[in-house]
Amino acid sequence: MGKRKGGSKSLASFTEKSRYSNGYLAADATVYGADNAEVDVAEERAESSNLVDPPEVEALVGSDKTSADYYFDSYSHFGIHEEMLKDVVRTKTYQNVIYQNAFIFKNKVVLDVGAGTGILSLFCAKAGAKHVYAVECSLMADMAKEIVQANGFSDVITVLKGKIEEIDLPVTHVDVIISEWMGYFLLFENMLNTVLYARDKWLINDGIVLPDKTSLYLTAIEDAEYKEDKIEFWNNVYSFDMSCIKKQAMMEPLVDTVDQNQIVTNCLLLKTMDISRMVSGDVSFTVPFKLVAERNDFIHALVAYFDVAFTKCHKLMGFSTGPRSKYTHWKQTVLYLEDVLTICEGEALVGSMSVEPNKKNPRDVDIILKYSLNGRRCQVSRTQCYKMR
């Protein structure tokens, strides 16, 4: 599965297995100069004084660890934060929520969970917050402190480096908790439980959590060409049978953008979460679904996406990560089916989806999909398991 994003989340976008990729130069890479002569990168760094980084910066920009080594380490690299900050739908929505609803923040104590670069804390400070506690566990916390100081908010924003579950706030209660905790498939990385922990420990009785509502949706798509390229490819690799890898590929949901013209069925609301009231156990659930075909077509995959809502604002605000909405870095989550379903208009694909954090690594997500189709041209019943990791 493709991984991403920020605040305090999971594997960086540069490990993403999607139709798009980002390249980073390894510390021991070989490059070529203008005259095509080989250049040793390490030697070049040593000779250039402006490339000699202090240890803390070196830890941020590049070290022996890869993005897959540790959960929080993936958020130490600036690249993942750049991707999130440049996600206009995401960042501008938060900015508008804060600036257009200053009454929520004016003279209030705010807790920013998974602060990353501190952008949400800066928005809150500018909106008139009495004080903002920005908690970030990755090494980006050091950069956030510099950013806060550089922008003149050191007296309003306190950056705390550490895990929410382990730090001590200088205050006993906060008025507002803000966080951009959403992962792929909404729940990947399981940062929601961290927000709930902070809510239960520090939020006053009539306090506000932002965002406070999220909704998970499901639809079905035709995706023959890409499934052939991504999944069926392993059946014959330069005349060799590598279908054992195909089984693994089928189990890993793909994070990618889906063209709205690929959608074959209705888009169904699977699950709504009220962040103000839910408990940590609510991240595990089983829900039924019924997807009705809107035209004669083939179904190769189911697609999940989510909406985010800020209902405590003066006017309802939020955004969608769906295929009919403007692009976000969350994209959509594609779950390929073992069967190609031939479905006629009006026929229904029915089943259930079970979701729960992985028992060994709660930041991963296990998904069990049960589905059946009893149509004129296709009858099938199957259970498939997926692992987002």
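Throughout, residue positions are numbered sequentially from 1 according to the sequence presented.
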Can you tell me if R90 uses its side chain to pair, donor with acceptor, with the backbone of M84 under 3.5 Å?
-> yes

Can you check whether M140 reaches T117 side chain to side chain, under 4.5 Å on heavy atoms?
-> yes

Can Y305 and L218 be said to form a side-chain contact (heavy atoms from CB on, under 4.5 Å), step by step?
-> CA-CA 7 Å; Y305 63 93; L218 190 68; over 6 Å; no

With a 4.0 Å cut-off, would you call K161 and E136 a salt bridge?
-> no

Determine yes or no for a side-chain-to-main-chain donor-acceptor pair under 3.5 angstrom, with E252 supplying the side chain and Q248 the backbone.
-> no

Taking C-beta and beyond as the side chain, do T214 and I275 meet within less than 4.5 Å on heavy atoms?
-> yes

So which heavy atom on V109 is nearest to which on V171, and how close?
-> CG1-CG2, 4.4 Å

Would one find more than 12 heavy atoms of other residues, nucleotides or ligands at under 6.0 Å from atom CZ of F285?
-> yes

Short question: side chain of T286, backbone of S354 - any donor-acceptor pair under 3.5 Å?
-> no

Donor-acceptor pair, side chain of N101 and main chain of I104, under 3.5 angstrom | no

State the CD-NE2 distance between E82 and H329, to the nearest 0.5 angstrom.
-> 13.0 Å

Shortest non-hydrogen contact from A220 toward L302 | CB-CD2, 3.6 Å

Of all heavy-atom pairs between T311 and K213, which one has the smallest distance, and what is that distance?
-> CG2-CG, 3.7 Å

For V97 and C313 the tightest heavy-atom approach is CG1-SG, 3.7 Å

When you check the side-chain N and O atoms of N235 and S243, is any donor under 3.5 Å from an acceptor?
-> no

Checking Q332 side chain against V258 main chain: does a donor-acceptor pair fall under 3.5 Å?
-> yes

Take M388 and D364 through the test side-chain contact (heavy atoms from CB on, under 4.5 Å) and record every step on the way to the result.
-> CA-CA 6 Å; M388 298 193 75; D364 296 346; 5.9 Å; no

Should D241 and N236 be marked as a side-chain contact (heavy atoms from CB on, under 4.5 Å) after you check the CA-CA gap, both sets of side-chain angles, and the distance that decides it?
-> CA-CA 5 Å; D241 181 354; N236 186 337; over 6 Å; no

Flag yes if V380 and V292 sit in one hydrophobic cluster, no otherwise; membership is Ile, Leu, Val, Met, Phe, Trp, Tyr, and two members link when side-chain heavy atoms are under 4.5 Å apart.
-> no

Yes or no on side-chain hydrogen bond (donor to acceptor under 3.5 Å, both in side chains) for Q262 and D223, after CA distance, side-chain angles and deciding distance?
-> CA-CA 7 Å; Q262 295 176 259; D223 201 22; 2.9 Å; yes

Between S276 and D212, does any side-chain donor sit less than 3.5 Å from a side-chain acceptor?
-> no

Counterpart residues, salt bridge (Lys or Arg N to Asp or Glu O under 4.0 Å), relative to E232 (two or more places apart) = K246

Keeping the roles fixed (side chain from K227, backbone from L337), state whether a donor-acceptor pair exists under 3.5 Å.
-> yes

Any idea which heavy atoms bring K290 and A348 closest together, and the distance?
-> CE-CB, 3.7 Å

When you measure from the side chain of Q384 to the backbone N and O of M250, does any donor-acceptor pair fall under 3.5 Å?
-> no

Would you call V110 and D175 a side-chain contact if the rule is heavy atoms closer than 4.5 Å?
-> no

Find out if a path of hydrophobic residues (ILVMFWY) with successive side-chain heavy-atom gaps under 4.5 Å connects V287 to I367.
-> yes

Only counting residues at least two apart or in another chain, list the ones meeting side chain to side chain donor-acceptor pair (under 3.5 Å) with D259.
-> N261

Taking side chain to side chain contact (heavy atoms under 4.5 Å, CB included) as the test, write out the residues that go with D297, two or more places apart.
-> E222, V264, R295

For the pair E347 and R376, find out whether any cationic side-chain nitrogen is under 4.0 Å from an anionic carboxylate oxygen.
-> yes

Pairwise distance CG(L270) to CG(L216) - rounded to 0.5 angstrom | 5.0 Å

Any side-chain heavy atom of I343 within less than 4.5 Å of one from R377?
-> no

Are I164 and I157 co-members of a hydrophobic cluster defined by side-chain heavy atoms under 4.5 Å apart?
-> yes

Identified ring pair (Phe, Tyr, Trp, His ring centres under 6.0 Å) partner of F123 from the options F153, F105, Y99, Y94 = Y99

Do P357 and V365 come close enough that some side-chain heavy atom pair is under 4.5 Å?
-> no

More than 12 heavy atoms of other groups within 6.0 Å of I368 CD1 = no

Roughly how far apart are L120 CG and L210 CG, rounded to 0.5 Å?
-> 10.0 Å

Between N361 and N358, a side-chain donor and acceptor under 3.5 Å = no

So do T219 and N266 actually touch side chain to side chain, heavy atoms under 4.5 Å?
-> no

Looking only at side chains, do Y327 and D87 share a donor and an acceptor under 3.5 Å apart?
-> no

Check whether any side-chain N or O of T91 sits under 3.5 Å from a backbone N or O of L85 as a donor-acceptor pair, and report yes or no.
-> yes

Taking the inter-plane angle between the rings of Y133 and H131 on a 0 to 90° scale, is it parallel (under 30°), tilted (30 to 60°) or perpendicular (over 60°)?
-> tilted

Report yes if some heavy atom in the side chain of I221 is under 4.5 Å from a heavy atom in the side chain of I299; otherwise report no.
-> no

Roughly how far, to the nearest 0.5 Å, is the CG atom of L111 from the NE2 atom of H173?
-> 12.5 Å

Under 3.5 Å, is there a donor-acceptor pair between the side chain of T328 and the main chain of T321?
-> no

Is it the case that more than 12 heavy atoms not belonging to K326 sit under 6.0 Å from its NZ atom?
-> no

Look up atom CG in L203 and atom CD1 in I177, then write down how far apart they are to the nearest 0.5 Å.
-> 4.5 Å

hydrophobic_cluster_shared for L254 and Y217, side chain cutoff 4.5 Å | no

Do other residues, nucleotides or ligands put more than 12 heavy atoms under 6.0 Å from R382 CZ?
-> yes

Any side-chain heavy atom of I263 within less than 4.5 Å of one from P323?
-> yes

In Å, rounded to the nearest 0.5 Å, how long is the span from CG of L335 to OH of Y386?
-> 5.0 Å

Under 3.5 Å, is there a donor-acceptor pair between the side chain of S381 and the main chain of S372?
-> no

Is there a side-chain contact (heavy atoms from CB on, under 4.5 Å) between V174 and W202 once you walk through the steps?
-> CA-CA 6 Å; V174 299; W202 287 298; 4.1 Å; yes

Can you check whether W330 and F319 have ring centres sitting under 6.0 Å from each other?
-> yes

Side chains of D307 and S215: donor-acceptor distance under 3.5 Å anywhere?
-> no

Ion pair K331/D256, N-O distance below 4.0 Å | no

Hydrophobic cluster identity match, M251 and W234, side-chain contacts under 4.5 Å | no

T342 and C378: which non-hydrogen atoms are nearest, and at how many Å?
-> O-CB, 3.2 Å

